[in-house]
Amino acid sequence: LASKVVLPTVFRVALCGGTHGNELSGVYLVRERLKRKRKVEEEDHIYVVTVMSNPRAVQQCRRYTETDLNRCFTHATLSGPVTDKTPYEIVRSQELNTLLGPKGSPEAMDLVCDLHNTTANMGLCLIAYSDCDWISLHIYRYLQMSDIPVRFIHFDLPLNEAYSLDSVGKHGFAIEIGPQAHGVVRSNILSTMQEGVQHMLEWIHLFNSGTQFEGGKVDVYTMVKNVDYPRDFETRGITAAIHPQLQDRDFCLLRPNDPVFQTFSGETLKYKGTEPLYPFFINECAYYEKGIALSLARQRSVGIPSIRSEREGEQRKRKSSAEEMEEEEEIKGEMEEEGYQKLIEYGEESDSLNGQYN
């Protein structure tokens with residue numbers, strides 16, 4: 001692990017709420033910001049775009065209208081054809097990708113933060129697809145140092161398979177906070193989310209201003225698998241609920257033979273796994289339809305390097321070297337198109353080009 005890493009500034013930030021229209025902390029936080037300031041604002045050298053992701057679902061106070069918007073951001077869905085029969089959320093995901101991305105491109109937002117609620121007793125969590133995105137991990141560490149109880153959940157998926165809105169940015173994560181029933185707003189949960197967002201923007205301001213953040217270690221929960229409810233073989237209806245000893249105990253270590261479910265006839269079903277793991281999203285209301293009773297994670301300690309933002313001179317140097325690489329790519333493309341004969345026209349350069357592109 002490098003002792004110090006220099007990274008581009010995080011200037012363009014998207015703050016999104018209402019990706020699920022009945023998760024009301026994000027909905028009200030975004031509404032307040034839109035009321036208070038213009039849609040696009042510049043605060044402390046950060047350009048913040050505030051977005052209501054799924055306005056139709058928000059209007060109806062439903063998770064989604066046709067399909068789960070927060071599963072529509074894979075490369076396959078974003079690049080798929082759209083017809084008049086395409087579900088609204090797929091059309092909307094492509095609009096959001098145009099607005100905040102395109103995903104995986106240099107034009108994409110520097111950071112996308114998407115605000116969510118869970119009915120599970122998870123407290124405040126950051127959920128991301130990378131365990132080596134130093135920006136996200138340093139923001140997580142900054143929140144920890146600000147005395148906000150927070151955990152970092154890592155979904156180990158490649159970018160093209162990453163399905164949620166936050167994957168559109170160069171950096172991104174969801175802020176997930178609970179317990180809060182869907183369709184309800186609780187002031188303590190909303191306040192904690194506002195605090196989390198405020199600390200995130202503070203960190204970005206400090207980072208962009210040249211503050212160096214020291215390295216160290218952070219705990220990360222990497223998702224291992226989802227566990228479904230026990231089901232009736234014929235009807236596929238569930239036959240058990242989360243066991244009372246496990247309910248509301250997200251992130252408490254689940255050991256082999258610990259109770260997991262209690263059947264509707266009163267029998268206790270135990271954890272059959274051989275490895276102790278950490279359960280989260282226990283009994284999440286919205287996951288009944290997805291066949292998920294809880295998720296299990298492995299806790300790991302991840303080393304993060306010291307980081308600071310690049311200075312203007314370093315930025316110019318990076319841009320000019322990026323331009324050089326682009327020029328090289330263009331030359332390579334031309335040569336591939338026009339064939340080996342093109343090398344002769346480069347005179348003295350032909351030998352080095354030959355070596356480079358053979």
Side-chain angles (χ1 to χ4, degrees), residues 15-36 50-65 68-71 89 112-128 139-140 143-144 146-153 155 164-166 172-201 221 223 226 229 241-244 246-252 278-295 297:
L15 188 62
C16 307
T19 301
H20 293 136
N22 59 358
E23 296 179 8
L24 297 190
S25 295
V27 169
Y28 284 108
L29 190 148
V30 161
R31 273 190 186 152
E32 281 303 302
R33 288 181 76 89
L34 290 174
K35 239 184 351 190
R36 205 172 66 238
T50 305
V51 182
M52 192 68 84
S53 313
N54 193 340
R56 276 193 199 175
V58 168
Q59 204 177 3
Q60 297 173 31
C61 196
R62 292 168 59 185
R63 184 176 173 85
Y64 54 81
T65 63
D68 191 336
L69 176 61
N70 215 35
R71 300 296 180 273
E89 276 83 6
V112 175
C113 172
D114 195 22
L115 305 171
H116 288 266
N117 288 119
T118 174
T119 60
N121 187 27
M122 284 168 56
L124 177 64
C125 298
L126 304 192
I127 303 180
I139 290 172
Y140 163 53
L143 290 183
Q144 282 184 320
S146 311
D147 291 332
I148 299 180
V150 57
R151 294 180 179 92
F152 191 98
I153 298 169
F155 287 165
S164 55
L165 173 55
D166 50 275
F173 49 80
I175 290 184
E176 182 83 58
I177 182 164
Q180 180 174 279
H182 298 320
V184 165
V185 63
R186 290 177 52 169
S187 58
N188 62 325
I189 299 288
L190 176 59
S191 300
T192 305
M193 182 178 275
Q194 286 167 328
E195 215 181 321
V197 167
Q198 208 42 53
H199 282 304
M200 173 190 81
L201 294 173
Y221 292 87
M223 211 270 268
N226 294 318
Y229 293 93
I242 296 291
H243 196 280
L246 182 59
Q247 182 61 52
D248 297 327
R249 297 191 68 232
D250 298 71
F251 299 105
C252 287
Y278 291 87
F280 63 101
F281 278 128
I282 297 173
N283 204 13
E284 160 58 49
C285 159
Y287 287 176
Y288 277 70
E289 68 177 32
K290 298 185 192 299
I292 300 172
L294 56 110
S295 301

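Everything quoted here is computed from the prediction, not taken from an experiment.
Among residues two or more places apart in sequence or in another chain, the side-chain hydrogen bond (donor to acceptor under 3.5 Å, both in side chains) test is passed with Ser191 by none. Residues forming a side-chain hydrogen bond (donor to acceptor under 3.5 Å, both in side chains) with Thr118 (at least two apart in sequence, or on another chain): Glu284. In terms of the side chain to side chain contact (heavy atoms under 4.5 Å, CB included) criterion, residue partners of Asp248 (sequence neighbours excluded) are, by chain and number, Asn121. Considering only residues two or more places apart in sequence or on other chains, Glu195 meets the side-chain hydrogen bond (donor to acceptor under 3.5 Å, both in side chains) condition with none of them. Residues satisfying the side chain to side chain contact (heavy atoms under 4.5 Å, CB included) test with Val184, not counting sequence neighbours, are Ala181, Arg186. For Tyr229, the side-chain hydrogen bond (donor to acceptor under 3.5 Å, both in side chains) test picks out Asn283, Tyr288, with sequence neighbours left out.
Taking CD1 of Ile148 as the start and CE of Met200 as the end, the distance is 11.5 Å to the nearest 0.5 Å. Here the straight-line distance linking atom CD1 of Ile292 with atom CD1 of Ile282 works out to 13.5 Å at 0.5 Å rounding. To the nearest 0.5 angstrom, Leu115 atom CG is 12.5 Å from Leu24 atom CG. Rounding to the nearest 0.5 Å places CD1 of Ile177 at 10.5 Å from CE of Met122. For the atom pair Leu124 CG and Met193 CE, the distance stands at 8.0 Å (nearest 0.5 Å). Separation of atoms OG1 (Thr50) and NZ (Lys35) is listed at 13.5 Å; rounding is to 0.5 Å.
Two residues are said to be in side-chain contact when any heavy atoms from C-beta on lie closer than 4.5 Å; Leu69 and Leu165 fail this criterion. Taking 4.5 Å as the limit, every side-chain heavy atom of Val185 sits out of range of all side-chain heavy atoms of Val27. Side-chain contact between Pro179 and Thr119: absent, with no pair of heavy atoms (C-beta onward) separated by less than 4.5 Å. Put simply, the side chain of Ile153 reaches to within 4.5 Å of the side chain of Phe155, judged on heavy atoms. Here the side chains of Lys290 and Arg71 are in contact, with some heavy-atom distance below 4.5 Å. Side-chain contact between His182 and Arg62: absent, with no pair of heavy atoms (C-beta onward) separated by less than 4.5 Å.
Closest heavy-atom contact between Ile189 and Gly178: CD1-C, 3.9 Å. Minimum heavy-atom separation, Leu294 to Ile242: CD2-CD1, 3.7 Å. Closest approach of Gly196 and Leu143 over heavy atoms only: O-CD2, 3.7 Å. Closest of all the heavy-atom pairs between Cys61 and Gly183 is SG-CA, 3.8 Å. The minimum heavy-atom distance between Gly172 and Ala128, with the atom names listed, is O-CB, 3.9 Å. The heavy-atom pair separating Asn117 from Ser25 by the smallest distance is OD1-N, 2.9 Å.
Remark: Gln60 CD is packed, more than 12 non-hydrogen atoms of other residues, nucleotides or ligands lying under 6.0 Å away. Within a 6.0 Å sphere centred on CZ of Arg249, other residues, nucleotides and ligands contribute 12 heavy atoms or fewer.
No salt bridge links Arg151 with Asp250; every basic N to acidic carboxylate O contact stays at or beyond 4.0 Å.
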- Under the side-chain contact (heavy atoms from CB on, under 4.5 Å) rule, what do Arg31 and Met52 come out as? Steps first, then yes or no, please. CA-CA 8 Å; Arg31 273 190 186 152; Met52 192 68 84; 3.6 Å; yes
- Derivation of the side-chain contact (heavy atoms from CB on, under 4.5 Å) call for Phe173 and Cys113: CA-CA 5 Å; Phe173 49 80; Cys113 172; 3.9 Å; yes
- Task: Please test Tyr140 against Gln144 for side-chain hydrogen bond (donor to acceptor under 3.5 Å, both in side chains), starting from the C-alpha separation and ending with a verdict.
- Result: CA-CA 6 Å; Tyr140 163 53; Gln144 282 184 320; 3.1 Å; yes
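Residue Thr19 forms a side chain to side chain donor-acceptor pair (under 3.5 Å) with just one option from Asp166, Asp114, Asn70, Asn54, and that option is Asp114.
Put simply, the side chain of Thr65 never gets that close to the backbone of Arg56: no donor and acceptor are under 3.5 Å apart.
Note: Phe251 and Phe280 have parallel aromatic rings, judged against thresholds of 30 and 60 degrees for the angle between ring planes.
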